[in-house]
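These numbers were taken from a predicted model, which means no experiment stands behind them.
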Amino acid sequence: MIRRVALIGLGTMGPGIAARLSRGGLDVAAYDVSQAAVERARGMLDTAGAALDRLGIEAPTTGVGTVRFVSSIAEAVEGADLVIENVPENIDIKAETYRTIDPLVQPSVIVASDTSGIPITKLQAHISHPERFVGMHWSNPPHIIPMIEVIGGEKTAPETVATIRDLIRSLGLLPVVVKKDVPGFVENRVLYALLREAVDLVERGVIEPEDLDTCVSWGIGYKIAVVGPMALLDMAGLDIYKSVSSFLNADLADRKDIAPLVLDKAGEGKFGMKSGEGMFAYTPEQISTLQGERARKLVAIRRILENRE
């Protein structure tokens, strides 16, 4: 039974993951090499907790868990039943983290990676018990989005996948077991296919960025939130999909490189909200307002989708 969790790496996802796990009754020991990341996480716990309150997510009858911030990986993993790695998306950094964790945990301890898309088979090559290594991909913001992908690598034991799947269910969340360990898994493959076409349309001057967002949010996104892609095929009709695909597929973006629009902005240090400018420009006040508004809307939409409004 998983009761104690070590969370290695806080970053963007860490605070929400810690908050959701603790609300589920688990005790979390969190560590990050950056003290700034730790302080930011401390400050975000209350915000994440407030969102969970609005969602009506209560602690189990055994009580709420805890979140404590520790000063080393060794302290974080001591007594842990599960270690969740959430360090940057760099295979060398992740491999070094696993080498540090490896001698500190028992062979029975599950090590899960929150990688956004690095194949689990590649990552588990850097740990001595690959059968206990699994992908556990949360979606941002993790304390609000209930879906979590579970991915086994070539050497992951079925029991490990089942344990993480059952843990997610026990927290009242939605596990999705990915049957094949492909780069990007499923959520990000679908998302990046959409983003590739969106960037291409803006870059070609077909549409302005603001209008692109309106089109997707109030068209595709509005429908997809209620009717998934496979169900949407049936709703529209496979005959219609066959007809439109016959000419449209050949014209869709299929580039294998990164669009110059993205490369140029990234080269100028325009990374998005984190730097104050990306596709759009933001003031610190706008960022704070947007984050609050988006969290509020996501909470409201989730309550509707769960038939609680």
Side-chain angles (χ1 to χ4, degrees), residues 8-17 32-41 43-44 85-97 113-120 122-123 126 135 137-142 145 149 182-217 220-221 250-295 298:
I8 311 300
L10 293 169
T12 301
M13 302 281 281
I17 293 173
D32 197 288
V33 295
S34 167
Q35 190 58 38
V38 172
E39 293 308 314
R40 175 179 167 276
M44 291 185 66
E85 168 270 304
N86 185 51
V87 304
E89 286 292 283
N90 179 296
I91 196 167
D92 294 329
I93 295 174
K94 290 182 181 294
E96 182 58 33
T97 302
S113 176
D114 183 39
T115 175
S116 297
I118 301 174
I120 301 305
K122 287 187 177 181
L123 296 179
H126 301 281
H137 179 221
W138 298 65
S139 189
N140 195 28
I145 306 298
E149 290 178 300
V182 295
F185 316 131
V186 173
E187 182 187 23
N188 275 338
R189 288 182 76 96
V190 174
L191 173 62
Y192 274 68
L194 184 153
L195 292 177
R196 178 172 63 179
E197 184 65 28
V199 169
D200 187 70
L201 289 168
V202 170
E203 192 170 55
R204 288 165 53 196
V206 173
I207 192 168
E208 291 296 321
E210 296 89 347
D211 291 331
L212 185 285
D213 283 359
T214 299
C215 180
V216 173
S217 294
I220 306 163
D251 195 57
L252 293 173
D254 62 353
R255 66 186 311 150
K256 307 303 181 191
D257 60 351
I258 302 171
L261 175 63
V262 174
L263 287 175
D264 291 346
K265 286 184 177 293
E268 296 169 3
K270 298 176 180 179
F271 302 126
M273 294 179 76
K274 68 179 69 176
S275 64
E277 184 175 355
M279 295 298 176
F280 305 102
Y282 311 88
T283 65
E285 294 75 20
Q286 286 174 324
I287 292 172
S288 178
T289 299
L290 279 172
Q291 289 174 333
E293 286 180 354
R294 288 170 180 174
L298 285 169

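- With no hydrogens or angles considered, a side-chain donor-acceptor pair links Glu85 and Ser113 at under 3.5 Å.
- The shortest non-hydrogen separation linking Ile287 to Tyr282 is CG1-CB, 3.6 Å.
- Looking at heavy atoms from C-beta onward, Gln286 lies out of side-chain contact with Thr289 at the 4.5 angstrom threshold.
- Taken from CD1 in Ile145 to CG in Asn140, the straight-line distance is 8.0 Å, to the nearest 0.5 Å.
- Judged as a salt bridge (Lys or Arg N to Asp or Glu O under 4.0 Å), and not counting sequence neighbours, the contacts of Glu89 are Lys94.
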* **Derivation of the side chain to side chain contact (heavy atoms under 4.5 Å, CB included) call for Asp213 and Glu208** => CA-CA 9 Å; Asp213 283 359; Glu208 291 296 321; over 6 Å; no
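- Residue Thr97 is tested with Asn86, Val33, Val87 for a side-chain contact (heavy atoms from CB on, under 4.5 Å); the sole match is Val87.
- How far CZ of Phe280 is from CG of Leu290: 10.5 Å, rounded to the nearest 0.5 Å.
- Residue Ile207 comes nearest to Leu212 through the heavy atom pair CD1-N, 3.5 Å, listed as atom of the first residue, atom of the second, then distance.
- Thr214 places a side-chain N or O within 3.5 Å of a backbone atom of Glu210 that can act as its donor or acceptor partner.
- Across all non-hydrogen atoms, the minimal contact from His126 to Lys122 is CD2-O, 3.4 Å.
- Atom CE of Met13 and atom CH2 of Trp138 lie 8.5 Å apart (nearest 0.5 Å).
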* To do: Apply side chain to side chain contact (heavy atoms under 4.5 Å, CB included) to the pair Thr115 and Ile120, showing each step before the final yes or no.
  => CA-CA 8 Å; Thr115 175; Ile120 301 305; 3.9 Å; yes
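- At least one donor-acceptor pair closer than 3.5 Å links the side chain of Glu203 to the backbone N or O of Leu261.
- With sequence neighbours excluded, no residue satisfies salt bridge (Lys or Arg N to Asp or Glu O under 4.0 Å) with Arg40.
- When atom types are taken as modelled, the side chain of Asp32 and the backbone of Val38 share no donor-acceptor pair closer than 3.5 angstrom.
- Taking every heavy atom of both residues into account, Ser275 and Gly269 meet most closely at OG-O, 3.3 Å.
- Pairs of residues two or more places apart, or lying in two chains, that qualify as salt bridge (Lys or Arg N to Asp or Glu O under 4.0 Å) and include a residue from residues 188-201 are Asp200-Arg204.
- Atom OG of Ser139 sits about 7.5 Å away from atom CG of Asn188, to the nearest 0.5 Å.
- Here the side chains of Leu298 and Glu293 are not in contact, with every heavy-atom distance at 4.5 Å or above.
- Judged by distance alone, with hydrogens and angles left aside, the side-chain atoms of Glu149 form a donor-acceptor pair with the main-chain N or O of Val186 at under 3.5 Å.
- Other residues, nucleotides and ligands contribute more than 12 heavy atoms inside 6.0 Å of the CD1 atom of Ile93.
- Summarising the geometry of Arg255 relative to Pro260, their closest heavy-atom pair is NH2-CD, 3.4 Å, with the distance given to 0.1 Å.
- Taking CG of Leu10 as the start and CD1 of Ile17 as the end, the distance is 9.0 Å to the nearest 0.5 Å.
- Taking CG of Asp211 as the reference point, atom CG of Leu201 lies at 12.0 Å (rounded to 0.5 Å).
- For Glu96, the side chain to side chain donor-acceptor pair (under 3.5 Å) test picks out Arg99, with sequence neighbours left out.
- Residues Val182 and Pro119 are not in side-chain contact: their nearest non-hydrogen atoms beyond the backbone lie 4.5 Å or more apart.
- Shown here are the side chain to side chain donor-acceptor pair (under 3.5 Å) partners of Glu268, two or more places apart in sequence or in another chain: Lys270.
- Qualifying salt bridge (Lys or Arg N to Asp or Glu O under 4.0 Å) partners for Asp254, counting only residues two or more places apart in sequence or in other chains: none.
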